[in-house]
Each structure stands twice: as structure tokens, then as C-alpha cells.
> 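The structure under discussion is supplied below as C-alpha cells; questions concerning it will follow.
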Amino acid sequence: MRNKHLNEKRMRDYFIEAVKEILKGEGIDSMSMRNIADEAGNSSSTLYNYHKDVSDVINESINKFAEECQEYVEEKTRNLPDGPDKLKAIIKSYVGCFLENPSIFNIFFLEKFNKIEKKKETAQLVVTLLEKLCQPQWRYLVDRDYISEQNAEKAISILRYQIPGLLLFYLKWNNPDNPKEFYSLIDNQLDKLIRFEVPARATQTFEEGVLKFIFDGTYPGNRFYYFIHYTREKQIVDSILKTGFKYIESFHNSAEQVIDDKLDFMYKHNIYKPYGNFIVVIGISRIIFDKYAELIRSRGVNIYIENVLCDTPPEFDDEAEEYRYTIPIQFVKGYVNYVTGETERNPNFNPEYDSPSFEKNINSY
């Protein structure tokens, strides 16, 4: 009995692959029981043992393609923590599935379903597939106040038509003309569309918690430089506390300097808060900072001061095609979640840390 089921599944898969091949060439309107069977290397009579007509074959194929897309996305995103980044990874993996299988994109979005009996059900499957894949993450984000229910529904509705449109321009018109630019376009569109919010209750937490956390009496702002970095994921801030703060090429592309002034801080906070609820705080002694800044100036070295204040050599990032630097954990004060008020201080925080590696970094230039 088990072998019979395996053989049946194998035969059905042959016919589904045949449908894919025909779609690549002639399209859905040219599809018949005969050419599906011929493409699969079987007779029409064998095909009729599994499917009553062309409509039945196509309908099963579309359902199979949807399952394959779901499996593809789950495989790519399974190990990611819940949150905004996973939502975007799901959308980009959905896009990637069609880039690898353009014939499936054709039958999903370009072919007319003239030969399908259950047109309405099939159309619903196709149109809502991305929404179904993203649904657990949308629920997670709404429940945790990353985004309101209303704005989530609006984003879902727009994505339903925007993503197929972007794929159409790329797959059919080669616009943009390479995958890297295409994925960059997807990232930009998602960042514009999916704007994460701060609940109204966050204001008091912000005023009472964040300022006190950064500018405490132990390390006052007149003796130390402070920088902030916003992120959405707890996993990321935990990693920063353990391994240091990593950035590409320029520290100031990832972190913003702040001073002990409420209005200045509120202004910068309102700019950067869409990037996440967690604020990572980095503190460096002015004496240490100014010492190496003066050494750089006196030796005429062309290097960012923050790139000197690293214990480990920079690593080349192949994707960004630039070097990745790491600020030591001693300069990471900790983090605060300005929405929940949660804070964590780094027990290894030492803003006066002066490593022998710092001067070696200058000498290496």
C-alpha cells in the first residue's frame, strides 16, 4: 500500500513538472492532456488515471506551486526570531522563490485562468499567499505595539499588489537590471511602507528612563561622549553586549552622538525611533577620544577616530563590499527599551578603557 502511494505521488509530480515546462514555452492556453502527457514521458491514458481533465491538472499544479513557495520561505526564515526583520525576510524570500522560478510567477500572475474550473478559489489562493505567509508576524507585531492594527491592514493590502508589480517589472522588463539593485529596491519599499510606531504610553517611560540611563552621575556628559544606536530586536542588543558594537566603514552611519540636553535628545529620538524600541548606548571618555584624535592629527593619518578605538582587526564584508569594525564591549554602556522601560547595564562598561591595540591601529596606516 505504501509503495502504491509513493508511485502515485511520483507520477503526479512528473505531470506537475511537465506543466512547469509547458508554461515556460507555450503558455497555459496551449496546454492539453496530450502535450502534458508527452512532456512527462507518459501516455494520455496514464494521465487520465490521475486527472479528469486539463483543468484538474492545472489546479493541482497551482496548489503544488503554492506549497513549494511556502516550504521555500519557511526554509529560508525558520531560524529567525519573531519581529520586524523576520517579516521582511519572509517577504524577500517570497520574492526570491519567484526569481528562481519565473514560470511559476507567470502562471500565478500573468496567465488567464480560462482552463480552471475553480477560478475564484484559485485566484484567492494566489492573491493571499503572501498574506498567509506573513500573518503570524503581523499578529506578533500588532500584539506588541510595533504597528497598529489599522496600519498593518493597510500595509497588507498594498503589499498584495505592490510585490507582484515589482516582480513584473524585474522579470519581464529587467528593471532594475540586476538582482542586487532589485533587492535594494524591495528593502527601500518595505522601509517606506512598514513604519513601526511608538505607543502613546512610551513618552513618560522615555523621559524618566532613557535620559537617566544615559546621563547618570557616575559618568556625566561633560566628561564622556555618548552615542546611541536604535534597533528592533532583543537578540541584536544581547549580541552587542557580548561581542561589541559592529558597524560598516563609518561609525556615524550607525550611531548618533547625543548631549545632555532634553530638547536635543528628543529631536534625535523622534528621527531615529522608527528603527526600533531598543536604544544601545555607547560611552567613551573624552580624554581617551581626544588623545587618539590628537595622535591622528599629529601624524597626518587619514582614519576615523572610532576605527582606531577597536581591539580587533576589521573584517571585510563581502555583501557590503566594505570593512566591518567592532567597538569593544567596554565602550557599550547597555541598552534601554524606551517603550517598556526595560534596561540592562553592561557589567564590563569602562568608558576610560585604553587598549594597546588603539595606537597599533594608527601605526598600521
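From a predicted model like this one, the values you see are computed outputs, not experimental measurements. Throughout, residue positions are numbered sequentially from 1 according to the sequence presented.
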> Less than 4.5 Å apart, any side-chain heavy atom of Val73 and any of Ile91?
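No, their side chains stay 4.5 Å or more apart.
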> Check step by step if side-chain contact (heavy atoms from CB on, under 4.5 Å) holds for Tyr170 and Leu185.
CA-CA 11 Å; Tyr170 180 69; Leu185 175 63; over 6 Å; no
> Would you say that His229 contacts Tyr275 through its side chain, given a criterion of any heavy-atom pair below 4.5 Å between the two side chains?
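Answer no - side chains too far apart.
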> Examine distances only and state if a side-chain atom of Glu344 and a backbone atom of Val336 form a donor-acceptor pair shorter than 3.5 Å.
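The answer is no, because no donor-acceptor pair under 3.5 Å joins these two groups.
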> Please check: side-chain N/O of Ser148 versus main-chain N/O of Asn151, any donor-acceptor pairing under 3.5 Å?
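Yes: the side chain of Ser148 pairs with the backbone of Asn151.
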> Would you confirm whether Ser298, through its side chain, and Leu295, through its main-chain N or O, come within 3.5 Å as a donor-acceptor pair?
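Checking the backbone N and O of Leu295 against the side chain of Ser298, a donor-acceptor pair under 3.5 Å is found.
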> If I compare all heavy atoms of Gly276 with all of Tyr338, which pair ends up nearest, and what's the gap?
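Looks like O-CE2, 3.2 Å.
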> Nearest heavy-atom pair of Leu309 and Ile327: which atoms, and what distance?
O-CD1, 3.8 Å
> Quick one: are Tyr304 and Ile296 in side-chain contact, heavy atoms under 4.5 Å?
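With C-beta onward as the side chain, the pair stays apart.
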> Heavy-atom distance under 4.5 Å between the side chains of Phe98 and Phe108, does that happen here?
yes
> Would you check if Phe169 and Phe182 make a side-chain contact, meaning some heavy-atom pair closer than 4.5 Å?
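The answer is no; the side chains never approach within 4.5 Å.
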> A side-chain contact here means heavy atoms from C-beta on lying under 4.5 Å apart; do Ile62 and Val126 qualify?
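Counting from C-beta outward, Ile62 and Val126 do come under 4.5 Å.
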> Would Asp85 and Ile236 count as a side-chain contact (heavy atoms from CB on, under 4.5 Å) here? Give the steps.
CA-CA 11 Å; Asp85 290 341; Ile236 294 174; 4.1 Å; yes
> Look at Asp143 together with Arg139 and state whether they make a salt bridge at an N to O cut-off of under 4.0 Å.
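Between Arg139 and Asp143 there is a salt bridge, with a charged N closer than 4.0 Å to a carboxylate O.
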> Within the side chain of Asn361, is there an N or O that forms a donor-acceptor pair under 3.5 Å with the backbone of Cys310?
yes
> If you measure from SG on Cys69 to CG on Leu133, what distance do you get to the nearest 0.5 Å?
6.0 Å
> Check for a donor-acceptor pair, side chain of Asp261 on one end and backbone N or O of Asp264 on the other, with a separation under 3.5 Å.
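The answer is yes, because a donor-acceptor pair under 3.5 Å joins these two groups.
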> Dump the intermediate steps for ring pair (Phe, Tyr, Trp, His ring centres under 6.0 Å) on Phe331 and Phe245, then the final yes or no.
CA-CA 9 Å; Phe331 291 144; Phe245 179 72; over 10 Å; no
> Do Glu100 and Tyr72 have side-chain N/O donor and acceptor atoms under 3.5 Å apart?
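Yes, Tyr72 and Glu100 have a side-chain donor paired with an acceptor closer than 3.5 Å.
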> Which heavy atom of Phe227 sits nearest a heavy atom of Ala255, and at what distance?
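Shortest heavy-atom separation between Phe227 and Ala255 comes out as CB-CB, 4.2 Å.
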> So do Thr231 and Val237 actually touch side chain to side chain, heavy atoms under 4.5 Å?
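Counting from C-beta outward, Val237 and Thr231 do come under 4.5 Å.
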> Indicate yes or no for a side-chain donor-acceptor contact from Ser93 to the backbone of Ala89 under 3.5 Å, with no hydrogens or angles considered.
yes
> For the residue pair Gln235 and Pro81, what are the closest heavy atoms and their distance?
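The pair with the smallest heavy-atom distance is OE1-CG, 2.7 Å.
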> Side chains of His269 and Tyr230: closer than 4.5 Å at any heavy-atom pair?
yes
> Would you say the side chains of Asn277 and Lys234 form a donor-acceptor pair under 3.5 Å?
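Absent: no donor and acceptor within the cut-off.
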> I need the minimum non-hydrogen distance between Pro84 and Glu233, along with the two atoms involved.
CD-OE2, 2.9 Å
> Identify the heavy atoms of Pro351 and Phe224 that sit nearest to each other, and give their distance.
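Looking at all heavy atoms of both residues, the closest pair is CG-CE2, 3.5 Å.
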> Give a yes or no on whether the backbone of Leu125 and the side-chain of Lys132 come within a donor-acceptor separation of less than 3.5 Å.
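Absent.
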> Backbone N or O of Lys333 within a donor-acceptor pair of the Tyr219 side chain at under 3.5 Å?
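No; judged by distance alone, with no hydrogens or angles, the pair does not exist.
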> Determine yes or no for a side-chain-to-main-chain donor-acceptor pair under 3.5 angstrom, with Asn307 supplying the side chain and Glu249 the backbone.
yes
> Only one of Lys92, Lys88, Lys192 forms a salt bridge (Lys or Arg N to Asp or Glu O under 4.0 Å) with Asp187, so which one is it?
Lys92
> When you measure from the side chain of Asn346 to the backbone of Val332, do you find a donor-acceptor pair of N or O atoms at a distance under 3.5 Å?
yes
